[in-house]
Amino acid sequence: MIKISNQQVIYAMSRENPPVATVKSGSEILFETCDCFSDQITSAQTPFNELDWQRINPASGPVFVENAEPGDVLQVKIKRITPKGDHAVMVTAPNLGVIGNELQRAIVTLVPLENGKALLPGNVQVALKPMIGVIGVAPAGEAISCGTPDSHGGNMDCKEIAENSTLWLPVNVPGALFALGDLHAAMGDGEVSVCGLEVPGEVVVELYLHKNRKLPLPMLENDEAIFTLASAVTLDEAASLATRNMAHFITDNTSLSLAEAINLLSIAGDLQICQVVDPLKTCRYALPKAVAAQLSLCIAGEL
């Protein structure tokens with residue numbers, strides 16, 4: 001198995017990033033990751049105002065996928081996500097997150113992780129569901145900070161990007177230049193405080209290259225649903241784009257008209273929020289696999 005160290009990181013996704021490894025389609029790769037603060041927080045007494053904000057959301061990589069060319073599709077099968085350590089880090093601070101304007105001071109919190117649960121204030125225990133916050137490829141144009149999501153992937157903070165899910169990404173530059181990081185031991189939709197349970201860890205993925213497959217990317221699938229993912233300046237724009245992409249995915253791959261696809265989504269689909277705290281907001285549209293199967297519809301093509 002190919003291993004990517006957490007010492008090999010980028011803070012922006014760019015065609016200019018030199019690859020740290022070259023892999024073939026079908027390769028299994030283990031990525032070691034830092035937490036979103038580059039492991040700068042070592043205790044609850046770590047001064048918030050001394051954090052280096054140029055070292056936020058590191059992504060391990062990138063890796064160059066042989067024969068990947070612009071217009072191709074990269075399939076990322078997420079086999080395993082393993083948080084490391086016995087605690088997660090969280091921060092809240094004035095003017096961060098959705099209601100940070102009501103906070104008077106910054107607070108750094110170390111959240112214990114025990115027996116598959118996070119131990120939160122008030123004796124609340126929440127089951128862990130590890131997920132990947134930052135995952136993507138180099139964009140076609142200018143470099144994009146790892147803190148920002150867009151059509152290349154990036155900081156989508158989608159809680160469904162978890163074990164046993166599959167992410168589909170566009171290849172924008174030769175080799176794709178795939179990277180990932182920013183693991184969360186758990187996170188709720190919205191990520192309203194501006195962070196989840198931030199942890200370092202390991203991720204094992206398999207990468208597959210697909211030629212001649214036209215998709216409204218990024219897309220995601222798990223055992224329950226197919227998702228279109230979309231990021232935009234406003235939540236309204238992201239919601240509209242995610243919905244439009246799913247409707248056109250249906251019409252491009254079935255005999256349904258656009259009006260029929262829209263009606264189907266209004267009854268059988270779910271528009272969901274991923275995050276509202278990054279420079280671009282992210283939504284996902286979920287089409288249940290049970291519905292997709294009736295249409296012989298799958299991301300890979302023919303069933």
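Just so you know, residue 1 is the first one in the sequence shown, and it goes up from there.
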Kindly indicate, with the supporting measurements, whether the criterion side chain to side chain contact (heavy atoms under 4.5 Å, CB included) is fulfilled by C158 and L220.
CA-CA 10 Å; C158 172; L220 179 72; 4.1 Å; yes
Check [X] against [Y] and note the closest heavy-atom contact, atom names and distance.
{"X": "A268", "Y": "P288", "answer": "O-CD, 3.1 Å"}
{"X": "D278", "Y": "P149", "answer": "CB-CD, 3.9 Å"}
{"X": "A138", "Y": "N172", "answer": "O-ND2, 3.0 Å"}
{"X": "A261", "Y": "I250", "answer": "CB-CG2, 3.9 Å"}
{"X": "S151", "Y": "P170", "answer": "O-CG, 3.4 Å"}
{"X": "A59", "Y": "V134", "answer": "CB-CG1, 4.2 Å"}

Hydrophobic clusters here meaning ILVMFWY residues chained together by side-chain heavy-atom distances under 4.5 Å, can you tell me if [X] and [Y] are in one?
{"X": "I78", "Y": "M1", "value": "no"}
{"X": "L229", "Y": "I226", "value": "no"}
{"X": "L241", "Y": "L217", "value": "no"}
{"X": "F178", "Y": "V204", "value": "no"}
{"X": "V91", "Y": "V277", "value": "yes"}

Straight-line distance of [X] [atom1] to [Y] [atom2], nearest 0.5 Å:
{"X": "D189", "Y": "C283", "atom1": "CG", "atom2": "SG", "answer": "9.5 Å"}
{"X": "L256", "Y": "T251", "atom1": "CG", "atom2": "OG1", "answer": "8.5 Å"}
{"X": "C298", "Y": "E221", "atom1": "SG", "atom2": "CD", "answer": "7.5 Å"}
{"X": "L96", "Y": "L103", "atom1": "CG", "atom2": "CG", "answer": "8.5 Å"}
{"X": "T22", "Y": "E66", "atom1": "OG1", "atom2": "CD", "answer": "6.5 Å"}
{"X": "Q7", "Y": "C34", "atom1": "CD", "atom2": "SG", "answer": "6.5 Å"}

Side-chain touch [X]/[Y], heavy atoms, less than 4.5 angstrom:
{"X": "P62", "Y": "I10", "answer": "yes"}
{"X": "H184", "Y": "D157", "answer": "yes"}
{"X": "L110", "Y": "I41", "answer": "yes"}
{"X": "Y11", "Y": "N57", "answer": "no"}
{"X": "P112", "Y": "H87", "answer": "no"}
{"X": "L287", "Y": "F227", "answer": "no"}
{"X": "D270", "Y": "Y285", "answer": "no"}
{"X": "V111", "Y": "M90", "answer": "yes"}

With a sphere of 6.0 Å drawn around [atom1] of [X], does it hold more than 12 non-hydrogen atoms of other residues, nucleotides or ligands?
{"X": "K3", "atom1": "NZ", "value": "no"}
{"X": "N115", "atom1": "CG", "value": "no"}
{"X": "L207", "atom1": "CG", "value": "yes"}

Testing the 3.5 Å rule here: is there a donor-acceptor pair between the side chains of [X] and [Y]?
{"X": "S231", "Y": "T282", "answer": "yes"}
{"X": "Q8", "Y": "S5", "answer": "no"}
{"X": "N95", "Y": "N101", "answer": "no"}
{"X": "Y208", "Y": "S27", "answer": "no"}

Determine, step by step, whether Q275 and M156 satisfy the side chain to side chain contact (heavy atoms under 4.5 Å, CB included) criterion, reporting the C-alpha distance in whole Å, the side-chain angles of both residues, the deciding distance to 0.1 Å, and the verdict.
CA-CA 7 Å; Q275 60 77 27; M156 295 181 289; over 6 Å; no
What's the verdict on side chain to side chain contact (heavy atoms under 4.5 Å, CB included) for I132 and I161, showing C-alpha distance, side-chain angles and the deciding distance?
CA-CA 6 Å; I132 304 169; I161 302 178; 4.1 Å; yes
Anything under 30° is parallel, anything over 60° is perpendicular, the rest tilted; go ahead and classify W168 against H210.
tilted
When the ring centroid of F48 is compared with that of F37, is the distance short of 6.0 Å?
no
Quick one: do E163 and K79 make a salt bridge, cutoff under 4.0 Å?
no
Run the salt-bridge test on K289 and E224 with the 4.0 Å N-O cut-off and return the result as yes or no.
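Here K289 does not pair with E224 in a salt bridge, since their nearest N and O are not under 4.0 Å apart.
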Between E202 and L30, is there a donor-acceptor pair closer than 3.5 Å when you use the side chain of the first and the backbone of the second?
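A pair under 3.5 Å: no.
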Tell me if a side-chain donor or acceptor on K129 pairs with a main-chain N or O of A162 at a distance below 3.5 Å.
no
What's the verdict on side chain to side chain contact (heavy atoms under 4.5 Å, CB included) for M246 and L265, showing C-alpha distance, side-chain angles and the deciding distance?
CA-CA 8 Å; M246 182 60 79; L265 294 181; 3.7 Å; yes
Would S240 and E237 satisfy side chain to side chain donor-acceptor pair (under 3.5 Å), going step by step from the backbone distance to the final call?
CA-CA 5 Å; S240 176; E237 291 172 310; over 6 Å; no
